[in-house]
A.B. asks: 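Structure provided below as structure tokens; questions to follow.
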Amino acid sequence: MKAVERAKLVRSLRQESRRLRLLVLVIGFFLVTLTFVVVTKPDALLFNLNGRLSVDQAPRSLLIRQRVDAAAAAAAAASRRSPDTLAAAAEDPKVVDGDSAGVEVNANANVGAGASEDEKRVLTSEPEQGKKAEEATQSELLGGEDEEGRKGLRKGHQEDKEHKVTLPTVSNYTIHEATDDSDNGKQEDRKADAGSQLVTDVDQSNGGDRSHQPALDNIEWDKPLCDFSNFRANVCEMRGNIRIHPSGSSVMYMEPAGSMKDEQWKIKPYPRKGDELCLSHITEVTVQSSKVAPECTKYHDVPAVIFALTGYTGNLFHDFTDVLVPLFTTASEFNGEVQFLITDMAIWWTRKYAVVFEKLTKYPLIDFNKDNEVHCFKHAILGLHAYMEFTIDPLKAPQNYSMVDFNRFMRRTYSLPRDEVTALGEVPKTKPRLLIISRQRTRMFLNLKEIVAMAEEIGYEVVVEEANVNSNVAHFAKVVNSVDVMMGVHGAGLTNCVFLPHSAILIQIVPWGALDGICRVDFGYPAEQMGLRYKHYSIGVHESSLTDQYPLDHEIFKNPLAFHKNGFEFVRQTFMDTQNVRLDCNRFRPILLEALDQLNQ
């Protein structure tokens, strides 16, 4: 019996040993795979590795309000100078064109892990002299604005004035107008001691020419250091003797002798003012006037622009509306002679849009959170100029830039060949090209083959492409620029309209759910302001996959607007995450025919 029991024990131990070895192999394979993905494709991850906020974590409330300390603001205004503040925003959200705005959800903001040392050296190395010689001048990049684009812009601007819009956007939340935070608006009473000395020396080993430094010390910036009046973005701008100390998260304006300027502000340089959840992930920077500051260790002869990269970046729509469009608006006037300091740096993101950075600055990017220098500038801007979603207001923007300028800038940045749509017939035997933006997770076309066949029947050459977080920007830009008409269901993929040639046509398919207003705000008005021709197609009940989930007499079909009061989660899950589109080709056909007629004009 003992021999039998011993044999059974040996067999049992062998089996356990095999299981253990198999488990170790599986775990090892998983770790190797995960490491490979993190290193090679950090933007493909669906979870947070860098502290950035996922789009799905956006606020659930349809309105986001800022706390206003009226008493503190009044006391500050009475005791010292401060910028004018906005009145508190109205309580009720407004609706564009009489339709309630829905809430859009797109792919989660995908965050990459830190890059290798080689990648960081790429970002911080000086550009080659050859590249500097090839930098386009400002007039070449921007040029004049087409009259058609101006008209579209004025139309959108006028409608914005008539309808004070406070709507949720493709990012799942609404920006709500508000007055300044009490912490930001106040000017603190802090006087330097009689024995304090103004530190003005620049380290000879790091700095540039110090001959003009005394002149800087005598410059008085006669405006408030920061402007918090814009409903979407706070911006600080100053000229004079400016010390930027990243490790101290501070920007100091050195007061000239005899100056009474005594200001302190706190700002998070990401254009989502009022979105507390988003801004909770952004580094806060203190801006203050002072007669005492650390010595400069590095001197710069070009202006500085400081901005953040976290928040909702990683979603294509937010890449543009939160960073690229505002950055173009803020930095283009310097024609490359500007230094960028980026808080909450995402290396993979700067590599993805490296060609855009190369066009906007001739200098290596500075990682604000990892820099230990004290930088000395004569001109600094903290925060980016931003207006309505995915738009530029030429009445407020520096140099009166517009979306026509941005559209032209993107085409030239990616070396796209077509600036203008060619009228049909000018090139013999050439069909107009139609690009259908497909989706694979939500808001899919359920009858895509039928749509393609119908479009080809009436004379289009059809191209089908899917835009996602892994799409190569340069490749997708060339595809978009090659077509005359682009169509797709409301979503981040429509952001690629920035690569369309002037006068091309954008067709937005609006899902069921009283979402017309927000769809126009996110893509309709921006497209018109870029000089594109825009068409808006709202699907009917029979074109929605919601009919497979609810009976036709359900309230969701009779009065979808009423369901918006249930809040963000319901709107997202019902009208976005679980709805697909079965396009009625007979009903949609006239839209494509109208587009053909416009291309003939």
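When reading the values below, keep in mind they use all heavy atoms of this one structure, side chains included, and skip hydrogens, waters and symmetry mates.
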A.B. asks: So, does Arg418 use its side chain to make a donor-acceptor pair with the main chain of Val483 at under 3.5 Å?
C.D. replies: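 Indeed, once roles are kept as given, a pair shorter than 3.5 Å links the two residues.
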A.B. asks: With a 3.5 Å distance limit and no angle check, can you tell me whether Thr297 reaches the backbone of Val374 through a side-chain donor-acceptor pair?
C.D. replies: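 Yes, because the side chain of Thr297 sits within donor-acceptor range (under 3.5 Å) of the backbone of Val374.
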A.B. asks: In plain terms, say whether Lys298 and Asp371 are close enough for a salt bridge, that is, a side-chain N and a carboxylate O under 4.0 Å apart.
C.D. replies: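 Looking at Lys298 and Asp371, the cut-off is not met.
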A.B. asks: Is there a side-chain contact between Val510 and Phe523 in this structure, where contact means two heavy atoms from C-beta onward sitting under 4.5 Å apart?
C.D. replies: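 Val510 does not reach Phe523 side chain to side chain.
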A.B. asks: Parallel, tilted or perpendicular, judged at 30° and 60°: which one describes the rings of Tyr312 and His318?
C.D. replies: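 Tilted: the ring planes of Tyr312 and His318 meet at 30° to 60°.
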A.B. asks: Provide the closest heavy-atom pair for Leu316 versus Ala492 in the form atom of the first, atom of the second, distance.
C.D. replies: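 Here Leu316 and Ala492 meet closest at CD2-O, 3.6 Å.
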A.B. asks: For Ile244 and Gln339, run side chain to side chain contact (heavy atoms under 4.5 Å, CB included): C-alpha distance rounded to whole Å, both residues' side-chain angles, the deciding distance at 0.1 Å, then the answer.
C.D. replies: CA-CA 12 Å; Ile244 299 178; Gln339 175 68 65; over 6 Å; no
A.B. asks: Do the side chain of Asn447 and the main chain of Glu450 share a donor and acceptor less than 3.5 angstrom apart?
C.D. replies: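 No; zero donor-acceptor contacts below 3.5 Å.
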A.B. asks: Under 3.5 Å, side chain of Arg433 to main-chain N/O of Ser482, donor-acceptor pair present?
C.D. replies: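 Yes: the side chain of Arg433 pairs with the backbone of Ser482.
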A.B. asks: Would you mind checking if Glu389 and Arg272 are paired as a salt bridge, meaning a charged N to carboxylate O distance below 4.0 Å?
C.D. replies: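 Looking at Glu389 together with Arg272, the answer is yes, because their closest N to O distance falls below 4.0 Å.
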A.B. asks: Measure the spacing between CD1 of Ile509 and NE2 of His490 and express it to the nearest 0.5 Å.
C.D. replies: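 Between atom CD1 of Ile509 and atom NE2 of His490 there are 12.5 Å.
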A.B. asks: If you measure from CG on Leu546 to CD on Gln579, what distance do you get to the nearest 0.5 Å?
C.D. replies: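 It comes to 4.0 Å.
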A.B. asks: Taking only residues two or more places apart in sequence, or in another chain, which ones meet Phe307 in a ring pair (Phe, Tyr, Trp, His ring centres under 6.0 Å)?
C.D. replies: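 Expected list: Phe340.
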A.B. asks: For the pair Tyr414 and Val356, evaluate side chain to side chain contact (heavy atoms under 4.5 Å, CB included) and give the outcome as yes or no after the intermediate values.
C.D. replies: CA-CA 8 Å; Tyr414 285 93; Val356 179; 3.8 Å; yes
A.B. asks: Taking the side chain from Lys273 and the backbone from Asn230, do they hold a donor-acceptor pair closer than 3.5 Å?
C.D. replies: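 Answer holds: yes.
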A.B. asks: Would you say the side chain of Thr350 lies within less than 4.5 Å of the side chain of Leu309, judging by non-hydrogen atoms?
C.D. replies: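 Sidechains of Thr350 and Leu309: in contact.
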A.B. asks: For the residue pair Thr343 and Tyr270, establish whether any side-chain heavy-atom pair is separated by less than 4.5 Å.
C.D. replies: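 Contact flag for Thr343/Tyr270 side chains = no.
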A.B. asks: Anything under 30° is parallel, anything over 60° is perpendicular, the rest tilted; go ahead and classify Phe409 against Phe328.
C.D. replies: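 It falls in the tilted class, 30° to 60°.
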A.B. asks: Return the orientation label for the His300 and His375 ring planes: parallel under 30°, perpendicular over 60°, tilted otherwise.
C.D. replies: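 His300 and His375: tilted rings.
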A.B. asks: So do Leu494 and Phe390 actually touch side chain to side chain, heavy atoms under 4.5 Å?
C.D. replies: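 A side-chain contact is absent here, since even the closest heavy-atom pair is not under 4.5 Å.
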A.B. asks: How long is the span from the CG atom in Leu416 to the NZ atom in Lys478, to the nearest 0.5 Å?
C.D. replies: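 Atom-to-atom, Leu416:CG and Lys478:NZ are 6.0 Å apart.
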A.B. asks: For Asp344 and His281, test the side chains for any donor-to-acceptor distance below 3.5 angstrom and give the result as yes or no.
C.D. replies: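 No, His281 and Asp344 have no side-chain donor paired with an acceptor closer than 3.5 Å.
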A.B. asks: Any salt bridge linking Asp275 with Lys268? Criterion: basic side-chain nitrogen under 4.0 Å from a carboxylate oxygen.
C.D. replies: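 Salt bridge: no.
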A.B. asks: When rounded to the nearest 0.5 angstrom, what is the spacing between OG1 in Thr283 and CE in Met345?
C.D. replies: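 With rounding to 0.5 Å, OG1 (Thr283) is 11.5 Å from CE (Met345).
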A.B. asks: Is the closest side-chain heavy-atom distance between Thr574 and Phe563 below 4.5 Å?
C.D. replies: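 A side-chain contact under 4.5 Å is absent here.
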A.B. asks: Is there a side-chain contact between His542 and Trp512 in this structure, where contact means two heavy atoms from C-beta onward sitting under 4.5 Å apart?
C.D. replies: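 No, their side chains stay 4.5 Å or more apart.
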A.B. asks: Testing the 3.5 Å rule here: is there a donor-acceptor pair between the side chains of Tyr353 and Asp319?
C.D. replies: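 Their side chains do contain a donor-acceptor pair, which is all the 3.5 Å distance test asks for.
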A.B. asks: Using a 3.5 Å distance criterion without hydrogens, assess whether the side chain of Arg232 forms a donor-acceptor pair with backbone atoms of Met388.
C.D. replies: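 Side chain of Arg232 to backbone of Met388, a donor-acceptor pair under 3.5 Å: yes, one is there.
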A.B. asks: Does a side-chain heavy-atom distance below 4.5 Å link Met530 with Met410?
C.D. replies: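 Met530 does not reach Met410 side chain to side chain.
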A.B. asks: Got a second to check how far Asn481's CG is from Leu500's CG, nearest 0.5 Å?
C.D. replies: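 That separation rounds to 7.5 Å.
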A.B. asks: To the nearest 0.5 Å, how far apart are CD1 in Ile27 and CG in Leu22?
C.D. replies: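 Output value for this atom pair is 10.0 Å.
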A.B. asks: If only atom types and distance count, is the side chain of Gln508 paired as donor or acceptor with the main-chain N or O of Cys519 below 3.5 Å?
C.D. replies: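 Checking the backbone N and O of Cys519 against the side chain of Gln508, a donor-acceptor pair under 3.5 Å is found.
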A.B. asks: With a 3.5 Å distance limit and no angle check, can you tell me whether Thr391 reaches the backbone of Pro526 through a side-chain donor-acceptor pair?
C.D. replies: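 It does not hold such a pair.
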A.B. asks: Does any non-hydrogen side-chain atom of Met487 lie less than 4.5 Å from one of Tyr537?
C.D. replies: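 The answer is no; the side chains never approach within 4.5 Å.
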